[in-house]
Peer 1: 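This is the structure I have questions about; it appears just below.
Here the structure is a predicted model, which is why all the values come from computation and not from measurement. Residue numbers start from 1 in every chain, and the chains themselves are labelled A, B, ... in the order their sequence lines are given, proteins ahead of strands.
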Amino acid sequence: MTVDWTSLEEKWRQRWHAEKQFESDPSTKKKFFVTVAYPYPNSPQHIGHGRTYTLADVHARFMRMMGYNVLFPMGFHYTGTPILGMARRVQENDKELIETFHTLYRVPEEKIREFIEPVKIADYFHQEIKTGMIEMGYSIDWRREFTTIDPVYSKFIEWQFRKLKEKNLVIQGTHPVGWCPKDQNPVSQHDTLGDVEPSFAEYIIIKFRYDGYVLPTATLRPETIFGVTNLWINPDVTYEIVKVDNESWIISSECATKLEFLNKKIVRISKIIGRDLVGKKAKVPERDDEIFVLPATFVKSENGTGIVMSVPAHAPFDYQALEDLKKNASQHPNLPVITDIKPVSIIETEGYGEIPAQDVIRIFQIDNQNNPKLEEATKEIYSKEFYGGKLKHNTGRFAKKTVSEAKEEIKKWILASGNADILYELNEAPVRCRCGAECVVKLLANQWFLNYSDREWKQKAHSWINEMKILPEEIRNEFNNVVDWLRERACARQHGLGTKLPWDKNWIIESLSDSVIYMAYYIIAKYVNSKEISSDNTCDSFFDYVFLTEGDLKKVSSDCKIKPEVVEKIKDEFQYFYPVNARHSGRDLVPNHLTFFIFNHLAIFPRKCWPEEIVVNGSVMMDGKKMSKSMGNIIPLRDAISVHGADSIRLAILISAELLQDADFNQEAVRGIKNKLETMLDECTKYRPSKNIDLQQEDRWLQSRLQQLIAKTTYSMQKMRLREALHYVLYEFESDLQWYLKRVETKSRTDFSGILHENLSARVAMMSPFAPYVSEEMWSRLGNPSLVSKSEWPIPVERKIDFQSIQSENLLKLTLGDIKNIIKVTKISPKKITIYTASPWKVKAYQKVLSQIIDGQVNIGELIKSLITDKDTEEIKRYPDFVKKTVNDILSESREERESKNKVELIDEEKVLSELHFIIQSEFGIPLRVFSESDTNKYDPKNKARAARPYKPAILIE
RNA sequence: GCGGGGGUCGCCUAGCCUGGUCAACGGCGUAAGGCUCAGAACCUUAUCUCUUAGGAGUUCGUGGGUUCAAAUCCCACCUCCCGCACCA
């Protein structure tokens, strides 16, 4: 039978919708508030996105069945810059992007044309993603939907930021960014040609002085000031004399431009050619001596200031330039000093000699200053010395410090005396903006930051992280690490969609900062959507009242012009649903969003509203490979749904890995699951409830197993070990069913329909959070008029577990297995089979051994001793192997099994095993006889009976 | 470099915290058989090596150690992946 998944899903979706299944309002029930990080609508969602949402949905559905009033809402994060960049690219007719919209995302032509407007892009993918979520069967309360550019949301964010500012957690500072001088805008990766991330490094400008002028050099290694022997200047470059904040600097003209963007006041005075400076003497700051300015061709005007300080002992370029100069000393008759210049070693590093620069130059076989390998040599020595180097005695008070710690101190020291400054330099210059202009680094003045460096705030975050529930447990430590290294974070930018900073309208609140407490807004959104409140009503006192229960109801009501009962209702709803009970997200959000989420909740809300639990999941791989556009292996979720159906996808994603692992999605697995579901669905029409049958052993067994499976599945669900839970529901149930059917069929029974119905019903109920659509269908085919998503999660009943039957059926299975094994190994075709159960004294001995093992005694010698002293079991002497084998038998079973056997005490093996003849008869068509080892009249031609042990009968096959 | 997570029987994965349940779950793949006109699907069985009696041997990145007992605990090493910021 083939199933029409599309219409099956549609049918149940409509019923859920009609019955308002997932809309939740405050009630007298316990609540459970589960949220997921909302999507950024700049593309349709793919299988990978589906994982987090599916996980959260399963959680929501499970808790609903456990009797909670579950709220699972969804919003859309419009704030941010990527959509802006995309709109610009559409306007510029970017072929690649339009092609992606066309073929991969299948956006209609007329829509693409609208995409020059950023909000249209967001709106389009918003609807696309929402439809996908509905199709996936997510049990979302859509009345609470919103976007982050809704006016009321902005009011809410303004409130949030005023609160943070009141608490001094928003501070102001200066911050460098990649910048397009033409667009007058910061640039990120999306804005550059070739999508280069405009990264930059901080250089320290060190001011050497000559004749009233400053000769600045830029370096990454301020600590090497102690090893400077000379300056390098390019004799052929024309430098500029520039007034920089009341000093006269001699720098390249490129450098002058860079400085302008770093908020320096620049006045260009005149020019000077490099060679005119050669041979001059410059004063070294912080050192009471002078050095010569020497010529070098490796010096480029576009790098740094165009002047370089020379540290030949530790910088390969400098060493080589000096060597080159010495070789050609005859060409510089006016510079007799050059032969006297010697490298000054100031850092010692394991693996290097006195002059590390010389060492690397030898290793890299470099012979002149224009050799490209010098770059590599420089990098190597830099990193080795930075992490492993120590400053020598000739570095004053910094002696003996490691380079990594001294660097920062020395920088501060020189800066403090006014002999240094800071220059930012793009790492991979030139970086070009999409508009074509070359990017620079701009120092944005008065940038706003969230002060995650705040000691007290960090402390608070740490202690809550240690207290809250975090799944999986392994990730808790990572949160603590993040809190430790987090520092000030820019929380506003100058372009993008979003809310303006309330006290400084030039800034827009950045997207990772306006998405940290929005779960509270889901309560508000319902009333915005129902038009009961609007942005005219929502002032700070309203939020104070609803979220913090601060202020006076009457005053709030008149301030906001909302009826007091409405204000009160909203407040009560918030107070009912908050805190967030579970927040789900991918692990990529641990170092940012999830941690900010904790920080901000602690800052703004009272203790009772702090989030209770975070659940983190890994990502999804496609056939073992990372998903990426360039690999072309991104499958839009909606495409996958139309091919495989939502349920199969949900199961495939969840069953392939535990929480934190990357899940692998592959087509074969999905198909397998789909077939399995179809078979199961078929089964659900076969069985009907029935009463009053005579329960046989296998019936009691199946019922007991059901209880055990319910207990195990429930436990796994509570730990969010969904793979494991699914495993029980899909596979362990299956194998139990298989055995049961074999048993009843070989016994030619016809009265078991009710038993299977009971079993299947529980199974379907437990499957419904995972595969909601098909479970509804199964549920209804099993004869239930109501919805399974509204049903109760099965409760395991311990007293329904009959350990006797469990042991009995196990004995049958094991014995059957042994018989098959013997037949396989001996390759005989059996004519008849005889089974011998162990003598009563062996059973006694077994029980003694078992109970002693449970008490922790595994020493075989001790066990034998205690058995011999007991008259009932003294016969053990004649069977030296018995104890060892029995101990092994017992140890090779689970603790559970042992306990269970210990509880049962003894089963009548002879009686149990006689049941086996049904199966033997049906499978081999031969007779089976059972004797006790102690039966003196037994048929035992090969003397096999003596090998019998409890739970391990002896077997004779002829 | 710092921080985090891995390396398991063809592939993907579970087990590791709390040592004996482990030749190690399950899925995929492969092979044989059943069902079928045939196929798909489904079901059964097998899938480290050896074995004419239910057994034995060698395995869980490598090398040591602890223990009656180690995939699991400890130490060292090799190796792969991810994050390191103003970007969602």
Peer 1: Taking only heavy atoms on the protein side, list every residue of residues 734-742 of chain A lying under 4.0 Å from any atom of RNA chain B, sorted numerically.
Peer 2: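 Residues of residues 734-742 of chain A that come under 4.0 Å of RNA chain B are, in numerical order, Gln738(A).
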Peer 1: Report yes or no: do His593(A) and Asp588(A) form a side-chain donor-acceptor pair below 3.5 Å?
Peer 2: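 Not at all, the side chains of His593(A) and Asp588(A) share no donor-acceptor pair under 3.5 Å.
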Peer 1: Which whole number of Å gives the distance between the P atom of rG1(B) and that of rC60(B)?
Peer 2: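 Straight-line distance between the two P atoms is 29 Å.
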Peer 1: Nearest whole Å is fine: how far is rG4(B) P from Asn477(A) CG?
Peer 2: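 Taking atom P of rG4(B) as the reference, CG of Asn477(A) is at 6 Å.
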Peer 1: On RNA chain B, check which nucleotide each of Asp588(A) and Asn481(A) is closest to and give me the residue with the more 5' one.
Peer 2: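 Nearest nucleotide further toward 5': that of Asn481(A).
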Peer 1: Taking only residues two or more places apart in sequence, or in another chain, which ones meet Glu734(A) in a salt bridge (Lys or Arg N to Asp or Glu O under 4.0 Å)?
Peer 2: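 With neighbours one apart ignored, the set is Arg763(A).
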Peer 1: What is the distance, rounded to the nearest whole Å, between atom OH of Tyr728(A) and atom P of rG27(B)?
Peer 2: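 Those two atoms, OH and P, are 15 Å apart.
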Peer 1: Please give the distance between the C1' atoms of rA40(B) and rU47(B) as a whole number of Å.
Peer 2: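 Going atom to atom, C1' in each nucleotide, I get 24 Å.
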Peer 1: I'd like a list of close polar pairs between nucleotides 13-20 of chain B and the protein, N/O only, cut-off under 3.5 Å.
Peer 2:
unit_1, atom_1, unit_2, atom_2, d
rU13(B), O2', Arg723(A), NH1, 2.8
rA14(B), OP1, Glu658(A), N, 3.3
rA14(B), O4', Arg723(A), NH2, 3.2
rG15(B), OP1, Arg721(A), NH2, 3.2
rG20(B), O2', Leu891(A), O, 3.0

Peer 1: Starting at atom CZ of Phe479(A), determine the distance to atom C1' of rG83(B), rounded to an integer number of angstrom.
Peer 2: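 Distance check: Phe479(A) CZ to rG83(B) C1' gives 13 Å.
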Peer 1: Sticking with atom P, work out how far rC78(B) lies from rG63(B), rounded to a whole angstrom.
Peer 2: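 Nearest-Å result for rC78(B) against rG63(B) at atom P: 15 Å.
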Peer 1: Give a yes-or-no answer on whether the side chains of Ser716(A) and Glu724(A) include a donor-acceptor pair shorter than 3.5 Å.
Peer 2: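 A pair is found: one side chain offers a donor N or O, the other an acceptor, under 3.5 Å apart.
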Peer 1: When the C1' atoms of rC74(B) and rU66(B) are considered, how many whole Å apart are they?
Peer 2: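 Here rC74(B) and rU66(B) have their C1' atoms 7 Å from each other.
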Peer 1: Rounded to whole Å, please give me the gap between CG in Asn592(A) and C1' in rG83(B).
Peer 2: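 Rounding to the nearest Å, CG of Asn592(A) and C1' of rG83(B) are 10 Å apart.
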Peer 1: Rounded at 0.5 Å granularity, tell me how far SG in Cys439(A) sits from CH2 in Trp179(A).
Peer 2: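 CH2 of Trp179(A) is found 11.0 Å from SG of Cys439(A).
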Peer 1: For residues Asp662(A) and Ser619(A), is any side-chain donor paired with an opposing acceptor at under 3.5 Å?
Peer 2: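 Yes.
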Peer 1: Below 4.0 angstrom from OP1 or OP2 of rA88(B), is there any side-chain N or O of Ser515(A)?
Peer 2: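 So the side-chain polar atoms of Ser515(A) never come under 4.0 Å of the phosphate oxygens OP1 or OP2 of rA88(B).
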Peer 1: Taking only residues two or more places apart in sequence or in another chain, which ones pass ring-ring contact (aromatic ring centres under 6.0 Å, His included) with Phe76(A)?
Peer 2: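 Per chain and number, Phe76(A) pairs via ring-ring contact (aromatic ring centres under 6.0 Å, His included) with His126(A).
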Peer 1: Any protein N or O atoms within reach of nucleotides 28-33 of chain B? Criterion: under 3.5 Å, listing atom names and distances.
Peer 2:
none

Peer 1: Can Thr79(A) and Asp514(A) be counted as having a side-chain donor-acceptor contact under 3.5 angstrom?
Peer 2: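 Side-chain D/A pair, Thr79(A) to Asp514(A): present.
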Peer 1: Hey, are Gln738(A) and Ser735(A) close enough side-chain-wise for a donor-acceptor pair under 3.5 Å?
Peer 2: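 Not at all, the side chains of Ser735(A) and Gln738(A) share no donor-acceptor pair under 3.5 Å.
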Peer 1: From CG of Asn675(A) over to C1' of rC42(B), roughly how many Å is that when rounded to an integer?
Peer 2: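 From Asn675(A) CG to rC42(B) C1': 8 Å.
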Peer 1: Using Watson-Crick and G-U wobble pairs with both distances under 3.5 Å, what is the 5'-to-3' dot-bracket string of RNA chain B, with [ ] for crossing pairs and | for pairs outside the strand?
Peer 2: ((((((((.[[[..)....(.....]]]((((((.......))))))(((....)))...[[[[[..)....]]]]])))))))....
Peer 1: Please name all residues satisfying salt bridge (Lys or Arg N to Asp or Glu O under 4.0 Å) with Lys813(A), sequence neighbours left out, ordered by chain then number.
Peer 2: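 Listed in chain order: nothing, the list is empty.
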Peer 1: Between atom CG of Leu450(A) and atom CG of Leu164(A), what is the distance when rounded to the nearest 0.5 Å?
Peer 2: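 Going from the CG atom of Leu450(A) to the CG atom of Leu164(A) covers 6.0 Å.
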Peer 1: Is any NZ, NE, NH1 or NH2 atom of the basic residue among Lys686(A) and Glu683(A) found under 4.0 Å from an Asp or Glu carboxylate oxygen of the other?
Peer 2: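 Looking at Glu683(A) together with Lys686(A), the answer is no, because their closest N to O distance does not fall below 4.0 Å.
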Peer 1: In terms of the nearest nucleotide of RNA chain B, which residue is placed more toward the 5' end: Glu478(A) or Leu589(A)?
Peer 2: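 That would be Glu478(A).
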Peer 1: For atom P, what is the distance between rG19(B) and rA41(B), given to the nearest Å?
Peer 2: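 It works out to 44 Å between them.
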Peer 1: Can you tell me how far CG of Leu97(A) sits from CZ of Arg88(A), rounded to the nearest 0.5 angstrom?
Peer 2: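 One gets 12.0 Å once the value is rounded to the nearest 0.5 Å.
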Peer 1: In whole Å, I'd like the distance from the NE2 atom of His593(A) to the P atom of rC86(B).
Peer 2: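 It is 19 Å, rounded to the nearest whole Å.
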Peer 1: Using the C1' atom in both, what is the distance from rU59(B) to rG27(B), to the nearest Å?
Peer 2: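 Here rU59(B) and rG27(B) have their C1' atoms 22 Å from each other.
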Peer 1: List the residues meeting side chain to side chain donor-acceptor pair (under 3.5 Å) with Tyr740(A), not counting sequence neighbours, and say none if there are none.
Peer 2: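 Here the qualifying residues are Asp699(A).
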Peer 1: In whole angstrom, give me the gap between the C1' atoms of rG3(B) and rA85(B).
Peer 2: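 Between the two C1' atoms, the distance is 14 Å.
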Peer 1: My understanding is that only residues two or more places apart in sequence, or in another chain, count here; which of them pass salt bridge (Lys or Arg N to Asp or Glu O under 4.0 Å) with Arg946(A)?
Peer 2: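 Not a single residue meets the salt bridge (Lys or Arg N to Asp or Glu O under 4.0 Å) criterion with Arg946(A).
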Peer 1: To the nearest Å, how far apart are His46(A) NE2 and rA88(B) C1'?
Peer 2: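 Distance, rounded to whole Å: 12 Å.
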Peer 1: Just to verify, what does Glu474(A) make a salt bridge (Lys or Arg N to Asp or Glu O under 4.0 Å) with, not counting sequence neighbours?
Peer 2: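 Here no residue qualifies.
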Peer 1: Measure the distance from CD1 on Ile171(A) to C1' on rC86(B) and round it to the nearest whole Å.
Peer 2: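 To the nearest whole Å, that distance equals 14 Å.
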Peer 1: Any idea how His49(A) and His46(A) line up, ring-wise: parallel (<30°), tilted (30 to 60°), or perpendicular (>60°)?
Peer 2: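 Aromatic pair His49(A)/His46(A) classed tilted.
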Peer 1: For atom P, what is the distance between rC12(B) and rC17(B), given to the nearest Å?
Peer 2: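 Result for the P pair: 24 Å, nearest Å.
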Peer 1: What string of B, S and - do you get for nucleotides 50-57 of chain B, 5' to 3', if B is base contact, S is sugar-phosphate-only contact and - is no contact with any protein heavy atom under 4.0 Å?
Peer 2: --BBBS--
Peer 1: Compare all side-chain heavy atoms of Leu486(A) with those of Phe596(A) and state whether any distance is below 4.5 angstrom.
Peer 2: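 They are in contact (side-chain heavy atoms under 4.5 Å apart), so the answer is yes.
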Peer 1: Who pairs with Tyr731(A) by ring-ring contact (aromatic ring centres under 6.0 Å, His included), at least two apart in sequence or on another chain?
Peer 2: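 Scan of Tyr731(A) (ring-ring contact (aromatic ring centres under 6.0 Å, His included), adjacent residues dropped) gives His727(A).
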